[in-house]
K.L.:
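The structure follows.
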Amino acid sequence: MKTLIVVSHSQGGGTKKLITALIDGVSGQLFPELEIIIEDSVTIEPEKILKADAIVLGTTENFGYMSGALKHFFDRIYYPCLDAKRGLPYQLIVNADTDGFGAVNSVEKIVIGLGWKRIDKPLVFKGKITPKNLSDCKDMGGTIAAGLEMGIF
Ligand SMILES: Cc1cc2nc3c(=O)[nH]c(=O)nc-3n(C[C@H](O)[C@H](O)[C@H](O)COP(=O)(O)O)c2cc1C
């Protein structure tokens, strides 16, 4: 059994739409050996990350940085995961109004410290969420599910 953990937080609902589309893409693959755990970055227990084979991180860009919710997540999981989860494959999804660079940059500094391994380049969505954005997230979900199933990460 492989476990994918999806950790995000959405204040206005936009990030939630993107993450829901990604989860649809994972579920659509119908791999019985793949478990998906969906968590809010504010409330997730750090120990849950210990069982992850891959992680999706969803964040808004706030004040040129990742959301406070995702930073709170990193603050809590850093030491419990530092040695235990080196090499964890991760995919970052950013929802911003006009930029997104600060959110990507701030997350990447931390995941480099944690020794996590990028699955693919961050998906950054700006402005109003479009059907194409949702379809990109769904495709990414399918890619992650297939990669986990085939053991390529
Ligand atoms: C406090 C705050 C700060 C923000 N700062 C930025 C920013 O620096 N750059 C940007 O592109 N968008 C910024 N935004 C816009 C949000 O990233 C954007 O509206 C996002 O889609 C919200 O996602 P949500 O609907 O999941 O809450 C900010 C929003 C808030 C509430």
Side-chain angles (χ1 to χ4, degrees), residues 3-27 36-148 152-153:
T3 301
L4 172 67
I5 297 201
V6 180
V7 177
S8 66
H9 180 83
S10 184
Q11 210 167 309
T15 310
K16 187 169 184 190
K17 282 187 196 163
L18 297 168
I19 291 295
T20 301
L22 182 139
I23 292 164
D24 278 355
V26 175
S27 312
I36 313 173
I37 298 177
I38 302 155
E39 293 279 346
D40 191 297
S41 44
V42 175
T43 52
I44 183 172
E45 297 292 334
E47 295 69 34
K48 287 227 169 132
I49 305 300
L50 298 177
K51 64 183 291 199
D53 295 295
I55 186 165
V56 172
L57 302 166
T59 183
T60 58
E61 175 162 275
N62 286 359
F63 304 124
Y65 199 79
M66 75 182 89
S67 67
L70 191 63
K71 176 62 165 48
H72 178 62
F73 163 78
F74 281 127
D75 288 348
R76 290 180 304 120
I77 64 106
Y78 191 78
Y79 283 121
C81 290
L82 185 55
D83 291 327
K85 298 307 290 181
R86 283 201 187 277
L88 180 68
Y90 78 94
Q91 177 63 44
L92 176 61
I93 310 285
V94 173
N95 182 27
D97 264 355
T98 57
D99 197 331
F101 175 78
V104 170
N105 196 33
S106 57
V107 170
E108 288 192 335
K109 276 187 198 159
I110 295 175
V111 292
I112 285 169
L114 282 164
W116 292 3
K117 192 173 64 182
R118 187 194 257 195
I119 291 174
D120 203 344
K121 64 181 185 326
L123 293 184
V124 179
F125 301 101
K126 300 176 196 175
K128 191 173 156 41
I129 291 168
T130 65
K132 166 84 168 60
N133 298 158
L134 297 176
S135 138
D136 288 348
C137 285
K138 192 170 176 181
D139 289 349
M140 178 55 75
T143 300
I144 293 170
L148 272 172
I152 60 168
F153 298 135

K.L.:
Taking all atoms of both residues into account, what is the closest heavy-atom pair of Trp116 and Ile55, and its distance?
P.N.:
CZ3-CG2, 3.8 Å
K.L.:
Does a side-chain heavy-atom distance below 4.5 Å link Asp75 with Lys71?
P.N.:
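The answer is yes; the side chains approach within 4.5 Å.
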K.L.:
In the structure I gave you, are the side-chain heavy atoms of Val56 and Val7 within less than 4.5 Å of one another anywhere?
P.N.:
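Counting from C-beta outward, Val56 and Val7 never come under 4.5 Å.
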K.L.:
Do Phe74 and Met66 have side chains that get closer than 4.5 Å, going by heavy atoms?
P.N.:
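Yes, at least one pair of side-chain atoms sits under 4.5 Å.
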K.L.:
If we only count heavy atoms from C-beta on, is the Leu70 to Val107 side-chain gap below 4.5 Å?
P.N.:
yes
K.L.:
Are any of the side-chain heavy atoms of Ile144 and Gln91 separated by less than 4.5 Å?
P.N.:
yes
K.L.:
Heavy-atom distance under 4.5 Å between the side chains of Asn95 and Asn133, does that happen here?
P.N.:
no
K.L.:
Taking it one step at a time, do Phe73 and Ile110 satisfy side chain to side chain contact (heavy atoms under 4.5 Å, CB included)?
P.N.:
CA-CA 11 Å; Phe73 163 78; Ile110 295 175; over 6 Å; no
K.L.:
Determine whether Phe125 and Ile93 make a side-chain contact, defined as any pair of heavy atoms from C-beta on separated by less than 4.5 Å.
P.N.:
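Phe125 reaches Ile93 side chain to side chain.
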K.L.:
Salt bridge or not between Glu108 and Arg118? Use side-chain N to carboxylate O under 4.0 Å.
P.N.:
yes
K.L.:
Please name the pair of heavy atoms, one in Glu61 and one in Asp99, separated by the smallest distance, quoted to 0.1 Å.
P.N.:
OE2-CB, 3.2 Å
K.L.:
Does any part of the side chain of Ile49, heavy atoms only, come nearer than 4.5 Å to the side chain of Pro80, both counted from C-beta?
P.N.:
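The answer is no; the side chains never approach within 4.5 Å.
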